[in-house]
*Asks:* 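For reference, the structure I am asking about is given below.
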Amino acid sequence: TPGREANPAVAFTVLEAMYAYAHTMRAFNGDWEWDSLQAASHLLHLASSICSKKSYESLGECLHATLAAAARLPGGGFGVPLDDLCLDDLLKMVLRRGDTGERAISEVRGLLTHAREAVVNRPDASSKVIGKLDRGLKKLEFLISYAVHHEDILSLEPQIRAVKTMREGEASLREKQDKEKVQDGVVIPLTKS
């Protein structure tokens, strides 16, 4: 509606979906069509607000929840390096400007549409799963419209960088701790043998 401000939480959901898109594309080597159900499950695990009423109060909360979901993927996920690489991908998409957000969300819609068709064509098709995917597809239409008409996700770039910097600091600390051994309360650097 003209003159009506969108809730800022919508931008967080767009960014959550964009991160999940990047992660799914990397996890499936850019080709999800061979198993759209698995790819959709992966994506919706990361971007849980697509098919729910869930919303975030801040971008930090959104990204932390999404990164935590990535770490909880079956088998421990793909690891921190891939999760952080996808955070870089999100940052690049935001900085690219133009129609990048719209295109990423449209790709997500295409994936869920394909997955919905796969579910419908199964003999054991679940109306609950179909309903969930339908809700997600409807929400994605709204998110696409938002991405077309609001470039304010670009203003969130510094917050994405802050999360990225924090994760880099945590990784550096973990690496340092891995190289040290504590013995009787004394930190002893480990040397290569």
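Just so it is clear, the values below take in all heavy atoms, side chains as well, and ignore hydrogens, waters and symmetry mates. Quick note: residue numbers are just sequence positions, from 1. Please read all numbers here as calculations on a predicted model, not as lab measurements.
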*Asks:* Please check: side-chain N/O of H114 versus main-chain N/O of E33, any donor-acceptor pairing under 3.5 Å?
*Replies:*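 Such a contact is absent between H114 side chain and E33 backbone.
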
*Asks:* Under a 4.0 Å N-O cut-off, is there an ion pair linking R161 with E157?
*Replies:*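 Salt bridge flag = yes for E157 with R161.
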
*Asks:* For the pair N7 (side chain) and A9 (backbone), establish whether a donor and an acceptor sit closer than 3.5 Å, ignoring hydrogens and angles.
*Replies:*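 Present.
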
*Asks:* Check whether any side-chain N or O of D99 sits under 3.5 Å from a backbone N or O of E102 as a donor-acceptor pair, and report yes or no.
*Replies:* no

*Asks:* Would you mind reporting whether R109 and I105 have side-chain heavy atoms less than 4.5 Å apart?
*Replies:*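 They are not in contact (no side-chain heavy atoms under 4.5 Å apart), so the answer is no.
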
*Asks:* Taking atom CD of E117 and atom CG of L133, what is their separation to the nearest 0.5 Å?
*Replies:*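 CG of L133 is found 11.0 Å from CD of E117.
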
*Asks:* Are any of the side-chain heavy atoms of D83 and R167 separated by less than 4.5 Å?
*Replies:* yes

*Asks:* Rounded to the nearest 0.5 Å, how far apart are NZ of K132 and CG of L137?
*Replies:*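 It is 12.5 Å, given to the nearest 0.5 Å.
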
*Asks:* With Y56, which residues qualify under ring-ring contact (aromatic ring centres under 6.0 Å, His included), at least two apart?
*Replies:*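 Testing Y56 for ring-ring contact (aromatic ring centres under 6.0 Å, His included), a comparison that skips the adjacent residues, returns none.
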
*Asks:* Treating Ile, Leu, Val, Met, Phe, Trp and Tyr as nodes and any side-chain heavy-atom pair under 4.5 angstrom as an edge, say whether L85 and L95 lie in one connected cluster.
*Replies:*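 No, no single cluster joins them.
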
*Asks:* What's the spacing between L140 CG and Y146 OH if we round to 0.5 Å?
*Replies:* 15.0 Å

*Asks:* Does a side-chain heavy-atom distance below 4.5 Å link L156 with V94?
*Replies:* no

*Asks:* Taking S41 for the side chain and L37 for the main chain, is one N or O donor matched with an acceptor at less than 3.5 Å?
*Replies:*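 A pair under 3.5 Å: no.
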
*Asks:* Quick one: closest heavy-atom pair of A17 and I50, and the distance?
*Replies:*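 That would be CB-CD1, 3.9 Å.
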
*Asks:* Locate the shortest heavy-atom distance separating L111 from S36; write the atom from each residue and the value.
*Replies:*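 Heavy-atom minimum between the residues: CD1-O, 3.8 Å.
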
*Asks:* With the 4.5 Å side-chain cut-off for hydrophobic clustering, are L90 and Y21 part of the same group?
*Replies:* yes

*Asks:* Looking at S48 and L44, would you say the former's side chain and the latter's main chain have a donor-acceptor pair under 3.5 Å?
*Replies:*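 Not confirmed, S48 side chain does not pair with L44 backbone.
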
*Asks:* Among residues two or more places apart or on two chains, list those pairs meeting side chain to side chain donor-acceptor pair (under 3.5 Å) that have a residue in residues 58-82.
*Replies:* none

*Asks:* Give a yes or no answer on whether the side chain of K139 reaches the backbone of S49 with a donor-acceptor pair at less than 3.5 Å.
*Replies:*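 The answer is yes, because a donor-acceptor pair under 3.5 Å joins these two groups.
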
*Asks:* In the structure I gave you, are the side-chain heavy atoms of F12 and L63 within less than 4.5 Å of one another anywhere?
*Replies:*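 F12 vs L63: side chains apart.
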
*Asks:* What are the two closest non-hydrogen atoms of C51 and R135, and how far apart are they?
*Replies:*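 That closest heavy-atom pairing would be O-NE, 4.3 Å.
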
*Asks:* Just wondering, do H150 and V14 contact through their side chains at under 4.5 Å, heavy atoms?
*Replies:* no

*Asks:* If you group Ile, Leu, Val, Met, Phe, Trp and Tyr by side-chain heavy-atom gaps below 4.5 Å, do L82 and L43 land in one group?
*Replies:* no

*Asks:* Is the shortest side-chain heavy-atom distance between D84 and K164 below 4.5 Å?
*Replies:*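 A side-chain contact is absent here, since even the closest heavy-atom pair is not under 4.5 Å.
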
*Asks:* Can you give me the closest heavy-atom contact between L112 and A40, atom names plus distance?
*Replies:*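 Shortest heavy-atom separation between L112 and A40 comes out as CD2-CB, 3.7 Å.
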
*Asks:* Can you tell me how far the CG atom of L46 sits from the OG1 atom of T24, to the nearest 0.5 Å?
*Replies:*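 Between L46 CG and T24 OG1, I get 5.5 Å after rounding to 0.5 Å.
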
*Asks:* Less than 4.5 Å apart, any side-chain heavy atom of V163 and any of L67?
*Replies:*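 Touching, per the 4.5 Å side-chain cut-off.
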
*Asks:* Go through L73 and H23 one step at a time and tell me if the side chain to side chain contact (heavy atoms under 4.5 Å, CB included) criterion holds.
*Replies:* CA-CA 11 Å; L73 283 166; H23 201 285; 3.8 Å; yes

*Asks:* Hey, does L15 have a side-chain heavy atom less than 4.5 Å from the side chain of M18?
*Replies:* yes

*Asks:* Could you walk me through whether L91 and Y19 pass side chain to side chain contact (heavy atoms under 4.5 Å, CB included), step by step?
*Replies:* CA-CA 9 Å; L91 190 57; Y19 176 88; over 6 Å; no

*Asks:* Specify whether H42 and F28 have parallel, tilted or perpendicular ring planes, treating 30° as the upper limit for parallel and 60° as the lower limit for perpendicular.
*Replies:*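 Ring orientation, 0 to 90° scale: perpendicular.
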
*Asks:* In this structure, would V108 and M25 fall into the same cluster of hydrophobic residues linked by side-chain contacts under 4.5 Å?
*Replies:* yes

